[in-house]
Colleague: 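Here it is: the structure, laid out below.
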2 protein chains.
Amino acid sequence: MTSIIPKIEAIVGREHVTTAEEDLLCYAYDATNRHCRPDAVAFPANADQVSDIMKLANEYRFFVVPRGAGTGMTGGALAVQGGLVLVTTRFSRILAIDTDNLVAEAEPGVVTGHFQEAVEEKGLFYPPDPSSALFSTLGGNVAECAGGPRALKYGVTRDYVLGLEVVLPTGEIIKTGVRTAKGVVGYDLTRLMVGSEGTLGIITKIVLRLLPLPETVRTVSAVFSRIHDAASTVSEVVRSGIVPRTVEYMDQSAIRCVEDHLNIGLPIDAGAMLLIDIDGSPSAVEATLERLVPICEKGGAHEIKVAGSDEEAKELWKARQAISPALFRLGPDKINQDIVVPRSRIPDMVEWIDDLRRRSGLTIVTFGHAGDGNIHFNIILDKRDEETLAKAESAVQDLFQKTVALGGTISGEHGVGVSKAPYIGMEIGVAELALMKRLKAMFDPNGVLNPGKIF
Amino acid sequence: MTSIIPKIEAIVGREHVTTAEEDLLCYAYDATNRHCRPDAVAFPANADQVSDIMKLANEYRFFVVPRGAGTGMTGGALAVQGGLVLVTTRFSRILAIDTDNLVAEAEPGVVTGHFQEAVEEKGLFYPPDPSSALFSTLGGNVAECAGGPRALKYGVTRDYVLGLEVVLPTGEIIKTGVRTAKGVVGYDLTRLMVGSEGTLGIITKIVLRLLPLPETVRTVSAVFSRIHDAASTVSEVVRSGIVPRTVEYMDQSAIRCVEDHLNIGLPIDAGAMLLIDIDGSPSAVEATLERLVPICEKGGAHEIKVAGSDEEAKELWKARQAISPALFRLGPDKINQDIVVPRSRIPDMVEWIDDLRRRSGLTIVTFGHAGDGNIHFNIILDKRDEETLAKAESAVQDLFQKTVALGGTISGEHGVGVSKAPYIGMEIGVAELALMKRLKAMFDPNGVLNPGKIF
């Protein structure tokens, strides 16, 4: 690698490449808490530079790993086999927000939350809202096909990507998709790139579809004695034709953990809490609330709060947003999974997890996007305790087996990366995996882009 | 081929293969009015039979062309190089409509309109509504990524396909995607198949996402003296945050043509008519109408009708639905294109088309999905008149050039097939086309599936 650094410097400029140990350390981590030291880190400024780097990588056979903000949950941005980490920090411009056509164009290094604010200032709306939105980048979101609570009503990142500029692993710069509402010319390279976890190309520009900003959002919280009642209520809400913007839930352990952390008077004896957002025009939202509250009551909720103001809504959401940081009160390490089951199977899954908790003695906290059947399953532990770690790993294996048996998927939002690579065969068949590997080999014949991921 | 027929008969049963001249003639056509006689037609009943046929095709190197109802507009179902037409008529079962999870599973030969009725009976909604829905099949819709008027609010077929069962050109049967609201495990083979126009695989099962059926739909028609005012009003409606279910428009020639045909008192001196559907809860729809009507008035509409009942709405839609058949009053042949421009560029496009009409003397009728910027551009002619035909072909070339220059796409709904294959290079670049061809070669190394399409 040492002999190649000057060539990379010649492409991006000397000040935009580093091999300093402290820098390599910073770019060795992501949200998985794994540690993979790269050989160098580069900060290109445009697609041509990325293209030149990829050509160099193919000539000298070194690995390139694209990286946004490093908030990924499955190791997509980790240089697991060393090589050059290519950071998109300098791709930080919002290039256009077209209010007439509800389309925006942005570079991949734009932070998702900044982008959301920018379009909301113009009365528009970019729905995908991964919990990392304050830090994560659009490029990373597209590469992982990020989701978030609002996916229930609005879908995931995939549903908002109209087109891309991508540098292929072999260095060609391609444009995919359209800038219009519709477009069906040629194969859908756009959606093939979305969710390919940085293994088929490096995104250098993104064309996104926007929506008008909903006029109103109202928040409802509902407390249930039994988590099964909460789960059944979610099904009942959807069956009634109501499409909430979000339906989030917290189980008892999540409620208790947050209450210990924040002391805001959460109902620690409750089995579960639902947090439901309804958006739309004020009259429509009002009419929906009038139908929603009785459904929650009938479903067994014993405490229902309808936020009267934005401040009250924020207060209700505070608990949900505090979960991830609060979890670390229970132990230094966290194994988290983002399984999805068909919505109607949530009660089965919840019962099975309760049983797993009893059987294993593990500290398990669940919360998530109940409306989507997307359950964030967390085991809190100290990884130095080998016995518990082994138990946890076996529990994850069991969890995935149960998930697939219920007709679900082992990842709704986080992707496969390195964390779930050992399990992919539980969901994806032999012929399908072979096809995906052929696709990877076709795009990246020398295997230089983001190796060691997915398969 | 003669020697191969018995082998195909052995796979699907003798009564499900035909080489009778009258059958070959029936399966030689689609909605493009081209004529490509296949060598044989087979009606397999399941994925295993399709798989066996594809293996045979690779062994004996004959072409296989999948076909739904043959309503495609660009020749996707035509055996342009002969071979076996594989019809999906026997894949006609709706396998499941899961009202709890808003998911359905169906075979590709199910007629889209039947499917819509079946889910609506259960209070659910399958939004994609190509004009061919009464005849076309789900399989064809998925293969072409069909759109329709409701795409403005609800998106296109792509947005409803969760998963597929597909027989690859080499005969492997694969399952793609998920049966859940979210899923990001592995490459997105599902969306790669959607819109691939029957060239990457034969769809044998489809998992579709459903929505709750909107409670109410209200229809508004607005008549404008100048088509530019109509186009600007569409932009204004969207800019105001209203998301109609559909915004359809007809230009003066379309209005006159339909009036000649139906005699229903359409405003033949008007420059354009808009037909706007709003759906949702009754209160929300009412509130939206109260905002919509003034926007139309301010935009220059001099006659606005709000349908008070379903019958009145049907009456208003009658004109729009009669366009396609009515066009044949103007001439025996039709060259139709489904270009899309950014919504705000519709006035530019309309002006350019007016000019083209004057310059060329051609009979040009436009109508379409104004909300999406999706314009159905029709030249009515007698193809035996070679001079007019040449003029029409040159006009199409100019139209595509203008479309791409305005940031648009040469096909919003119909795909490329054979009709647009000569023009694909106007929109898709050299590197992108090369990549698509490598994809096709990877999926179909012997080039046996639906040859001569797209590229």
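Below, read A as the first sequence line, B as the second, and so on, with proteins coming before strands; counting in each chain starts at 1.
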Colleague: Which one wins on heavy-atom pair count under 4.5 Å against chain B: A:Leu189, A:Ile410, A:Val238?
Modeller: A:Leu189
Colleague: Where does A:Val185 contact chain B at under 4.5 Å (heavy atoms): side chain, backbone, both or neither?
Modeller: both
Colleague: I'd like to know which of A:Ile428, A:Ile424, A:Thr190, A:Leu200 tops the heavy-atom pair count under 4.5 Å against chain B.
Modeller: A:Leu200
Colleague: I'd like to verify something: which residue of B:Ala431, B:Ser281, B:Ala434, B:Pro342 has the highest number of heavy-atom pairs under 4.5 Å with chain A?
Modeller: B:Pro342
Colleague: Chain B: which of A:Glu172, A:Arg158, A:Glu144 shares the most heavy-atom pairs with it under 4.5 Å?
Modeller: A:Arg158
Colleague: Under a 4.5 Å heavy-atom cut-off, does chain B meet the side chain of A:Phe455, its backbone, both or neither?
Modeller: side chain
Colleague: Could you look at A:Val340 and say if it's the side chain, the backbone, both or neither that has a heavy atom under 4.5 Å from chain B?
Modeller: both
Colleague: Could you check if a side-chain atom of B:Leu192 sits within less than 4.5 angstrom of a side-chain atom of B:Tyr187, using non-hydrogen atoms only?
Modeller: no
Colleague: Side chain, backbone, both or neither: which part of A:Val341 has a non-hydrogen atom closer than 4.5 Å to chain B?
Modeller: backbone
Colleague: Can A:Glu413 and B:Lys182 be counted as an ion pair, charged N to O under 4.0 angstrom?
Modeller: yes
Colleague: With a 4.5 angstrom heavy-atom cut-off, could you sort out which part of A:Ile173 is near chain B: side chain, backbone, both or neither?
Modeller: backbone
Colleague: Let me know if A:His414 has heavy atoms under 4.5 Å from chain B in its side chain, its backbone, both or neither.
Modeller: backbone
Colleague: Under 4.5 Å from any heavy atom of chain B, what part of A:Ser235 do you find: side chain, backbone, both or neither?
Modeller: neither
Colleague: What option among B:Asp188, B:Asp159, B:Thr180 has the most heavy-atom pairs under 4.5 Å with chain A?
Modeller: B:Thr180
Colleague: Are the side chains of B:Ile242 and B:Arg291 in touch, meaning some heavy atoms are under 4.5 Å apart?
Modeller: yes
Colleague: Is the shortest heavy-atom distance from the side chain of B:Arg438 to the side chain of A:Phe443 under 4.5 Å?
Modeller: no
Colleague: Side chains of B:Asp279 and B:Tyr154: is there a donor and an acceptor less than 3.5 Å apart?
Modeller: yes
Colleague: Where on B:Phe125 is there a heavy atom nearer than 4.5 Å to chain A: the side chain, the backbone, both, or neither?
Modeller: neither
Colleague: Select, from B:Leu439, B:Leu152, B:Val416, the one with the greatest count of heavy-atom pairs under 4.5 Å involving chain A.
Modeller: B:Leu439
Colleague: Pick one of side chain, backbone, both or neither for B:Ile454, based on which atoms fall under 4.5 Å of a heavy atom in chain A.
Modeller: side chain
Colleague: So, are A:Arg239 and B:Asp100 salt-bridged, with charged N and O less than 4.0 Å apart?
Modeller: yes
Colleague: Counting heavy-atom pairs under 4.5 Å with chain A, which one of B:Gly241, B:Gly123, B:Gly195 comes out on top?
Modeller: B:Gly241
Colleague: I'd like to know if the side chain of B:Lys453 reaches the main chain of B:Gly76, judged simply by a donor and an acceptor atom lying under 3.5 Å from each other, with no hydrogens or angles considered.
Modeller: yes
Colleague: Determine the option with the most heavy-atom pairs under 4.5 angstrom with chain A, choosing from B:Ala284, B:Ala181, B:Ser344, B:Pro212.
Modeller: B:Ser344
Colleague: With a 4.5 angstrom heavy-atom cut-off, is it the side chain or the backbone of A:Glu197 that approaches chain B, or both, or neither?
Modeller: side chain
Colleague: Is A:Asp372 close to chain B through its backbone or its side chain, or both, or neither, when contacts mean heavy atoms under 4.5 Å?
Modeller: both
Colleague: In the structure I gave you, are the side-chain heavy atoms of B:Ile339 and B:Met349 within less than 4.5 Å of one another anywhere?
Modeller: yes
Colleague: For A:Arg209, is it the side chain, the backbone, both or neither that has a heavy atom under 4.5 Å from a heavy atom of chain B?
Modeller: neither
Colleague: Shortest non-hydrogen contact from A:Leu210 to A:Ala104?
Modeller: CD1-CB, 3.9 Å
Colleague: Which one of B:Gly155, B:Ser411, B:Gly373 has the most heavy-atom pairs closer than 4.5 Å to chain A?
Modeller: B:Ser411
Colleague: Quick one: does A:Glu432's side chain get under 4.5 Å of A:Leu435's, heavy atoms only?
Modeller: no
Colleague: Using distance alone, with no hydrogens and no angle criterion, decide if B:Glu427 and B:Thr409 have a side-chain donor and acceptor under 3.5 Å apart.
Modeller: yes
Colleague: Within a reach of under 6.0 Å around NZ of A:Lys175, are more than 12 heavy atoms found that belong to other residues, nucleotides or ligands?
Modeller: no
Colleague: Between A:Arg150 and A:Asp129, does any NZ, NE, NH1 or NH2 come within less than 4.0 Å of an OD or OE carboxylate oxygen?
Modeller: yes
Colleague: Does any heavy atom of chain B fall under 4.5 Å from the side chain of A:Lys420, the backbone, both, or neither of them?
Modeller: neither
Colleague: Need one label for A:Glu286: side chain, backbone, both or neither, based on atoms under 4.5 Å from any heavy atom in chain B.
Modeller: neither
Colleague: Nearest 0.5 angstrom please: B:Ile295 CD1 to B:Glu290 CD, how far?
Modeller: 12.5 Å
